[in-house]
There are 2 protein chains.
Amino acid sequence: MKFYAYNIRFLCLIIVSFLALIACQDRHTIENDLPSWNNNENSQRLFQFISDVSSKNNKLYVAPKDRIAVFDNDGTLWSEQPAYFQLFFAMDRVRALAETSPELKAKWLEQQPYKAVLENDMKALAASGEKGLIELVMASHTGNDSATSDEYADIVTQWVKTAKHPSTGKAYTHMVFQPMLELLTLLREKDFKVYIVSGGGVDFIRPWAEQVYGVEPENVIGSSVKLEYEYRNGNPVILRRPKLNFINDKAGKPIAIHQHIGKRPILAFGNSDGDLQMLQWTDANKLPHLSAYIHHTDAEREWAYDQDSHIGQLKQGLAQAAKQNWLVVDMKKDWRNIYPDGQSQ
Amino acid sequence: MKFYAYNIRFLCLIIVSFLALIACQDRHTIENDLPSWNNNENSQRLFQFISDVSSKNNKLYVAPKDRIAVFDNDGTLWSEQPAYFQLFFAMDRVRALAETSPELKAKWLEQQPYKAVLENDMKALAASGEKGLIELVMASHTGNDSATSDEYADIVTQWVKTAKHPSTGKAYTHMVFQPMLELLTLLREKDFKVYIVSGGGVDFIRPWAEQVYGVEPENVIGSSVKLEYEYRNGNPVILRRPKLNFINDKAGKPIAIHQHIGKRPILAFGNSDGDLQMLQWTDANKLPHLSAYIHHTDAEREWAYDQDSHIGQLKQGLAQAAKQNWLVVDMKKDWRNIYPDGQSQ
């Protein structure tokens, strides 16, 4: 009888464990996992895709090793208006460098695009064009005496801690999109490998991506400058040179994904025509996949822009998204919150 | 009394579970985990390092996210004599391509280094120098009509399945080092992130690295050719162009590690002067670390070579290893087995 009672108890324990397990598995809902997304057709499609590819008995199941998800950064994971945040970093850096050397400051006050930065003349800065902006970013990022990779990481870390966005007054890392943070967390819970694939500098993003997005340095792919290795009296350093190595934009994105990951993604998020090729490349995966655009439609809580914008232009992309039935997230309609603090810009 | 008995049983269950857990944790020994390594000073040092950095209460503990281990491939994970295996692939490929086109064959029979390959003239091939060899590898790898990345992966996969090494008659993937396979498995069990950092082509290694080494495509870093993205009627492809993009050798290795991983490794294995900078870079990590060389000392079971070898030359590396007390694995003394089949070459 004692043995019988023991077995009953044991059986109960097993049943309770099973129920707990089932409850545990069932806890994934849009409300629980994506609380900053409105429960509508778009969020349901996204949620269903993630659920399908990660459910072992689903016909759309994809093995964890192939669950590659790629995310553009500027305009997809954080805001990008009125200028890419990395440009604000470059400008702050030029100003800081000028303060360290009167000679450099004097020189720069006679040379564009530096003069425009030091005089805070955004119009002249814009007039210097893409070439001017790249020069600015190169000079500010590599320094006059070629910053080492370690020094550069420290400079970025310091800036991210202290700098404030000119129009919102928020720290730049507080202008990341709360709905996307929730999505990244859900994907990691579902054993996706989450990558950032950004036109921004890889070494500009890495120092804070882990803390802010939970994305480790090896999962950040970006633009880069030429590097040099130097063995300084037994202390090896990597030096950043003021020369572009790779621009991770447009056709560069699928190429970088191939070079870095060696597989096609099954999920890709972008927000501009610069992401179109990455979304095409994902859309041609033989495994179940989803290509998605974030459409900036919310002039009140963030910014509203697409085909006519000088930053994050989205024209061809919208056309192809409509034609191929990609997911197009409407920030105004689909997102309950924009930023983590729940405040608008 | 029944309740008391039940509690005793429950207590026993807990004690047994704990004992099982302890037994489980204690199962790691050189004999269990590295059976192809002789239990001596070298294997003990390696084993102790792995144990220290992965034991939470050890003062040398390193968090899993920083447990980056990098391995050269040729001569470190598989043999590299009498020529890099990728060169045999290139030669087989040139022969196969020549068979598909009489015009191409006629043309190549009058042009070095192709003539040397078609006539199996190793002396003339060697005389064509590094430039000739690179040309050969480029032509064979990209094809006349620029193979797509998918086509190239299929070609490599097929070759690896069927090709045999000229002097051992073994499949090339059977000439991997059994002691290193055991080490890779142990490192993964201890939550290391294992990377291959090879002078060989990244797209040559990826198609079989997962099956043979357990290393996924995104953890393979190598040399590369220029790639182009093309949107062919809605079917995007990546084309391989016959132009070098990056040579992942010598100072290129720490640079590629920085570009790809963004962190210094804590463990690095190489076998030649081409790995010296990677070992220096690892040796300068502020976290606990170990730089190690494989020394090819076994003329009977594999090949014996170092400072005078035309392949895998190891001279400066040995000097620096002695000076900085790096681990130098002596294949003859330290390895019980060389290849997985237990047979020598």
Side-chain angles (χ1 to χ4, degrees), chain A residues 1-2 5-6 9-10 65-66 68 149-150 153 193 195 202-203 205-207 209-210 216-222 224 226-232 234-239 245-246 250-264 276-278 280-284 320 323-324, chain B residues 1-3 5-6 9-10 65-66 68 149-150 153 193 195 202-203 205-207 209-210 216-222 224 226-231 234-238 245-246 250-264 276-278 280-284 286 320 323-324:
Chain A
M1 189 58 202
K2 203 165 83 183
Y6 175 72
R9 275 165 204 239
F10 200 66
K65 71 188 176 76
D66 292 320
I68 311 276
S149 57
D150 292 340
K193 298 173 186 176
Y195 287 85
V202 60
D203 287 335
I205 301 169
R206 278 176 173 160
E210 191 165 351
E216 296 187 7
E218 63 266 35
N219 282 22
V220 179
I221 303 173
S224 57
K226 290 275 181 203
L227 302 178
E228 274 177 37
Y229 175 84
E230 205 176 280
Y231 195 60
R232 288 184 178 167
N235 177 31
V237 291
I238 283 178
L239 295 168
N245 176 57
F246 186 77
K250 300 192 172 72
K253 290 203 173 190
I255 286 175
I257 288 170
H258 181 76
Q259 297 281 30
H260 196 107
I261 308 176
K263 287 180 179 180
R264 295 185 197 207
L276 179 56
Q277 289 81 358
M278 175 169 87
Q280 289 170 344
W281 185 239
T282 302
D283 198 39
Q320 189 155 3
K323 204 172 132 194
Q324 305 197 223
Chain B
M1 187 62 201
K2 204 165 82 180
F3 184 68
Y6 173 72
R9 274 165 203 237
F10 200 65
K65 71 188 177 75
D66 292 321
I68 311 275
S149 58
D150 291 340
K193 300 173 186 175
Y195 287 84
V202 60
D203 288 336
I205 301 169
R206 279 178 172 157
E210 191 164 352
E216 297 188 8
E218 64 266 35
N219 282 21
V220 179
I221 303 172
S224 57
K226 289 276 180 204
L227 303 177
E228 273 175 39
Y229 175 83
E230 207 176 279
Y231 194 60
N235 177 30
V237 292
I238 282 178
N245 176 56
F246 186 78
K250 299 193 172 71
K253 291 202 172 189
I255 286 174
I257 288 169
H258 180 76
Q259 297 281 31
H260 196 106
I261 308 176
K263 287 178 179 180
R264 296 186 195 204
L276 179 55
Q277 290 79 357
M278 175 168 86
Q280 290 169 344
W281 186 239
T282 303
D283 197 39
K286 282 172 193 162
Q320 190 156 2
K323 203 173 133 195
Q324 304 196 223

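Below, all heavy atoms of this structure are taken into account, side chains as well, without hydrogens, waters or symmetry copies. Everything numeric here is computed off the predicted structure, so don't read it as measured data.
Using a 4.5 Å cut-off between heavy atoms, B:Lys250 makes no contact with chain A at all. In this structure, chain A has a heavy atom under 4.5 Å from the side chain of B:Asp150, while its backbone stays farther away. Heavy atoms closer than 4.5 Å to chain A are found in the side chain of B:Tyr195, but not in its backbone.
A:His260 is linked by a ring-ring contact (aromatic ring centres under 6.0 Å, His included) to B:His260, counting only residues two or more places apart in sequence or in another chain.
By number of non-hydrogen pairs under 4.5 angstrom with chain B, the leading residue of A:Lys193, A:Lys253, A:Glu228 is A:Lys193. Between chain A and the options B:Gln280, B:Glu230, B:Gln320, heavy-atom pairs under 4.5 Å are most frequent for B:Gln280.
A side-chain contact (heavy atoms from CB on, under 4.5 Å) with B:Gln259 is found for exactly one of A:Asn245, A:Ile238, A:Ile221, namely A:Asn245.
In this structure, B:Pro236 and A:Trp281 approach most closely via the heavy-atom pair O-CZ3, 3.6 Å.
Atoms NZ and CD, from B:Lys263 and A:Glu216 in turn, are 5.0 Å apart once rounded to the nearest 0.5 Å.
Side-chain atoms of A:Asp203 and B:His258, non-hydrogen and from C-beta on, do get closer than 4.5 Å to each other.
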